Chemist: 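Sharing a structure here in structure tokens format.
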Amino acid sequence: MISRLLLRRHTVLPGFGLALGMAVAYLCLIVLVPLSAAFLKTATMTWPAFWDTVTAPRVLASFKLTFLASLAGAATNAVFGLIVAWVLVRYEFPFKRVVDAMVDLPFALPTAVAGITLATIYSQQGWLGQWLPFQVAFTPLGIFVALTFIGLPFVVRTVQPVLEDLSRELEEVAATLGASRLQTLGRIILPLLGPALLTGFALAFARALGEYGSVIFIAGNMPMISEITALLIVIKLEQYDYAGATAIAVVMLLMSFMLLLAINAAQAWARRRQGGL
Amino acid sequence: MPRSSELALPASPAPVTPAGTAAAAPRPPAPVTGEPAWVRRLLIGLALGFMALFLFVPLAAVFHEALKKGVDVYLAAITEPDALAALRLTLISAAICVPLNLAFGVAAAWAIAKFDFRGRNLLLTLIDLPFSVSPVIAGLIYVLVFGLQGWLGPWLQAHDIKIIFAVPGIVLATTFVTFPFIARELIPLMQAQGVEQEEAARVLGASGWQILWRVTLPNVRWALLYGVILCNARAFGEFGAVSVVSGHIRGMTNTLPLHVEILYNEYQGAAAFAVASLLAGLALVTLVLKYIVEQRLQQANPAPR
């Protein structure tokens, strides 16, 4: 029996073979086999053809834009997400529970709804756009706004539980030993939150890299200027350029897998950090 | 607002301040682990300002834009045949993919949480994989497998089966993007609960299915519900993946989010926002349910710390 070979410890519980079999079969069917299609499709391209596709100026411009806008969105979320998490854990204010629950709105709101709404309120006649001296919607700045929106919950939700568990005694000890509040923040609190903050940042960044629905409505989608990589894949598909679309997709997949590894490493680091206390 | 925040402050775990000095000083000294009032107000203001800009204003705008041209336009937009067809397709696709992912989630969690086997960590990583794949790529890979140019394309065409640009493709793409939701809620909780209760049931003579139905599932019911709520919300709202495989045939292969896109691109703003407000309403219901279930989860499984 395969299940006996795989098991590391004897157990009286039944159903291992069935459960693992079902899980693995379903995983292969829905995720692994279709994903492998992308890599196998690319393998049929010659190396120069692949390289020419993914280094075409329009593609490179989209990579650069997607990368920088995602980075800016994730960085904004790292700063404000930390403040939101801090305020939600440490202070009391009216409607705090409602505000806390609302943090997850970007997870629950369909991206297309977010996209058309952000495009409307940040347009030049929109609720917020009319007060701004510069154009947001239909420029790369709009992409940044959409990516900040969809990444908002990640930092808050990774930092919040760590902050809740943070022992107040550490801060009291620091204060007793003569540290100012700012010193305690910089030398005790922030270093302890570091791994969670980094994980949240990386999750928001990873999500932003692949985001499509909320961005395309607000981006303006001008080639070379405000065209994100995910949109470029869709455009290539609509032109029946399957090889081209897949080549770009493979580059994106490799980037996200590397990021996934980095996130796992950051989380392992965080666990070790936490375990040490 | 600042006043009440000031008043409410001592509710936070109160740091020890020497009572004597507090009474003697003209003002009580700031608690050693708190911030001065102006810092508190500034931070609360920054947090709420940021959230207003990115969350509250957009949410209000959805409903405002939806009702801008009156209730009649609103009702007409959401009862129009194409909108109803889109709603039906969205419901069908969620009704198929949520139970599938639920069955998978329970099976995966049973194997991963109750047994120690080689390759467990690899399986855990692979389950999370769909989260790091762009929705557009999720659609693309199904086109590569089932599309006319794809692996199974010629065979499917010969047997007159349509998957891409048809309902099965939409269901598959939705299943892919919602794949991890239920499993990743169940696995950590079932791991934390250990195997003692199941082993006791086994020793007392319960069969595998009896253990699952009477011991394991009741123990994780809130986490299960939590996963289902998240999975369902994403299934209703998925846009990118579905957009690639749907073909946008009105009344046929349009889900609600795709219907919103079409209306918006045709400059029917009010109608687009009317349909969008349905989805936003669902998102709000999801948040409320999520909040309730979270409370239950915390009661049922107090943090081990």
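Since we're looking at a predicted model, the values are computed, not measured. These numbers come from the heavy atoms of this one structure, side chains and all, not from hydrogens, waters or symmetry mates. Residue numbers start from 1 in every chain, and the chains themselves are labelled A, B, ... in the order their sequence lines are given, proteins ahead of strands.
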Chemist: With chain A as the partner, which of Val244(B), Asp116(B), Leu212(B), Val145(B) has the greatest number of non-hydrogen pairs under 4.5 Å?
Modeler: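 The option with the most such pairs is Asp116(B).
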Chemist: Would you mind checking which part of Tyr291(B) comes under 4.5 Å of any heavy atom in chain A, side chain (CB onward), backbone (N, CA, C, O), both or neither?
Modeler: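 Contact with chain A: side chain only.
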Chemist: Relative to chain A, which segment of Ala60(B) carries a heavy atom at a distance below 4.5 Å: side chain, backbone, both, or neither?
Modeler: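 Its backbone and side chain both get close to chain A.
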Chemist: For the OG1 atom of Thr42(A) and the CG atom of Leu144(B), what is their distance to the nearest 0.5 Å?
Modeler: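 Result: 8.0 Å between the selected atoms.
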Chemist: Would you say the side chain of Phe273(B) lies within less than 4.5 Å of the side chain of Thr117(A), judging by non-hydrogen atoms?
Modeler: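 Thr117(A) reaches Phe273(B) side chain to side chain.
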Chemist: Would you indicate whether the side-chain heavy atoms of Phe54(B) and Val145(A) approach each other to under 4.5 Å?
Modeler: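 Yes; the side chains approach each other to less than 4.5 Å.
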Chemist: With side chains defined as the heavy atoms from C-beta onward, is the minimum distance between Met51(B) and Val103(A) less than 4.5 Å?
Modeler: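 Yes, their side chains come closer than 4.5 Å.
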Chemist: Can you tell if the side chain of Tyr26(A) reaches within under 4.5 Å of the side chain of Thr175(B), non-hydrogen atoms only?
Modeler: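 Yes, side chains in contact.
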Chemist: Under a 4.5 Å cutoff for heavy-atom pairs, which residue among Phe56(B), Phe236(B), Trp209(B), Trp151(B) has the most contacts with chain A?
Modeler: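 Of the options given, most contacts go to Trp151(B).
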Chemist: Quick check for you: among Asp100(A), Val250(A), Leu237(A), Leu29(A), which has the greatest number of heavy-atom pairs under 4.5 Å with chain B?
Modeler: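 Most heavy-atom pairs under 4.5 Å with chain B: Leu237(A).
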Chemist: Between Asn101(B) and chain A, with a heavy-atom cut-off of 4.5 Å, which part of the residue counts as in contact: side chain, backbone, both or neither?
Modeler: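 Answer is both: backbone and side chain atoms of Asn101(B) are under 4.5 Å from chain A.
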Chemist: Apply side chain to side chain contact (heavy atoms under 4.5 Å, CB included) to residues Phe115(B) and Leu6(A) and explain how you reach the verdict.
Modeler: CA-CA 10 Å; Phe115(B) 299 91; Leu6(A) 281 172; over 6 Å; no
Chemist: Looking at Phe80(A), Tyr122(A), Phe149(A), Phe257(A), which has the largest count of heavy-atom pairs under 4.5 Å with chain B?
Modeler: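 Top option by heavy-atom pairs under 4.5 Å: Phe80(A).
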Chemist: Any side-chain to backbone donor/acceptor pair from Ser132(B) onto Ser256(A)? Under 3.5 Å, distance only.
Modeler: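 Absent.
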Chemist: Counting heavy-atom pairs under 4.5 Å with chain B, which one of Ile116(A), Leu105(A), Thr229(A), Val33(A) comes out on top?
Modeler: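 Answer, by heavy-atom pair count under 4.5 Å with chain B: Ile116(A).
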Chemist: Tell me, for Leu100(B) versus chain A, whether the close heavy atoms (under 4.5 Å) come from the side chain, the backbone, both or neither.
Modeler: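 Both the backbone and the side chain of Leu100(B) come within 4.5 Å of chain A.
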Chemist: Side chains of Tyr91(A) and Glu35(B): is there a donor and an acceptor less than 3.5 Å apart?
Modeler: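 Result is yes, a qualifying pair exists.
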Chemist: Pick one of side chain, backbone, both or neither for Ile211(B), based on which atoms fall under 4.5 Å of a heavy atom in chain A.
Modeler: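 Only the side chain of Ile211(B) comes within 4.5 Å of chain A.
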Chemist: Shorter than 4.5 Å, heavy atoms on both sides: which option in Leu27(A), Thr11(A), Leu260(A) has the most such pairs with chain B?
Modeler: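 When all of Leu27(A), Thr11(A), Leu260(A) are compared, Leu27(A) has the most.
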Chemist: Quick check for you: to the nearest 0.5 Å, what is the distance between Thr148(A) atom OG1 and Leu53(B) atom CG?
Modeler: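 That separation rounds to 10.0 Å.
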Chemist: Calculate, to the nearest 0.5 Å, the distance between atoms CD and CZ belonging to Glu261(B) and Phe217(A) respectively.
Modeler: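 These two atoms lie 4.5 Å from each other.
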Chemist: Could you tell me which of Val62(B), Thr286(B), Leu55(B), Val260(B) has the largest number of non-hydrogen atom pairs under 4.5 Å with chain A?
Modeler: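 So the answer, after comparing Val62(B), Thr286(B), Leu55(B), Val260(B), is Leu55(B).
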Chemist: With a 4.5 angstrom heavy-atom cut-off, could you sort out which part of Glu65(B) is near chain A: side chain, backbone, both or neither?
Modeler: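 When you check distances to chain A, only side chain atoms of Glu65(B) fall under 4.5 Å.
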Chemist: Which atoms of Val203(B) come close to chain A, meaning under 4.5 Å heavy atom to heavy atom: side chain ones, backbone ones, both, or neither?
Modeler: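 For Val203(B), neither part sits under 4.5 Å from chain A.
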Chemist: Go through the atoms of Leu185(A) and report whether side chain, backbone, both or neither lie under 4.5 Å from a heavy atom of chain B.
Modeler: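 Leu185(A) has no heavy atom closer than 4.5 Å to chain B.
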Chemist: Just verifying a value: how many Å separate Leu148(B) CG and Tyr242(A) OH, rounded to the nearest 0.5 Å?
Modeler: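 Between Leu148(B) CG and Tyr242(A) OH, I get 7.0 Å after rounding to 0.5 Å.
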Chemist: Where do Ile137(B) and Ala249(A) come nearest, in terms of heavy atoms and distance?
Modeler: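 That would be CD1-O, 3.6 Å.
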Chemist: Tell me which of these, Arg97(A), Glu211(A), Lys96(A), Glu238(A), has more heavy-atom pairs under 4.5 Å with chain B than the rest.
Modeler: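 The answer is Arg97(A).
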Chemist: Which one, Leu18(A), Thr111(A), Asp104(A), leads in non-hydrogen pairs under 4.5 Å with chain B?
Modeler: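 Top option by heavy-atom pairs under 4.5 Å: Asp104(A).
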Chemist: Please report the closest heavy-atom contact between Ala112(A) and Phe239(B), naming both atoms and the distance.
Modeler: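 Smallest interatomic distance, heavy atoms only, reads CB-CD1, 3.7 Å.
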Chemist: Determine whether a donor-acceptor pair (N or O, by modelled atom type, separation under 3.5 Å) exists between the side chain of Tyr142(B) and the backbone of Ile30(A).
Modeler: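 It does hold such a pair.
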Chemist: Considering only heavy atoms, which portion of Val57(B) lies under 4.5 Å from any heavy atom of chain A: side chain, backbone, both, or neither?
Modeler: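 Both parts, heavy atoms under 4.5 Å.
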Chemist: Pick one: which of Ile44(B), Leu43(B), Leu48(B) meets side chain to side chain contact (heavy atoms under 4.5 Å, CB included) with Ile83(A)?
Modeler: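 By the side chain to side chain contact (heavy atoms under 4.5 Å, CB included) criterion, Ile83(A) pairs with just one of Ile44(B), Leu43(B), Leu48(B): Leu43(B).
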Chemist: Taking all non-hydrogen atoms of both residues, which atom of Ala107(B) and which atom of Ala19(A) are closest, and how far apart?
Modeler: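 Shortest heavy-atom separation between Ala107(B) and Ala19(A) comes out as O-CB, 3.4 Å.
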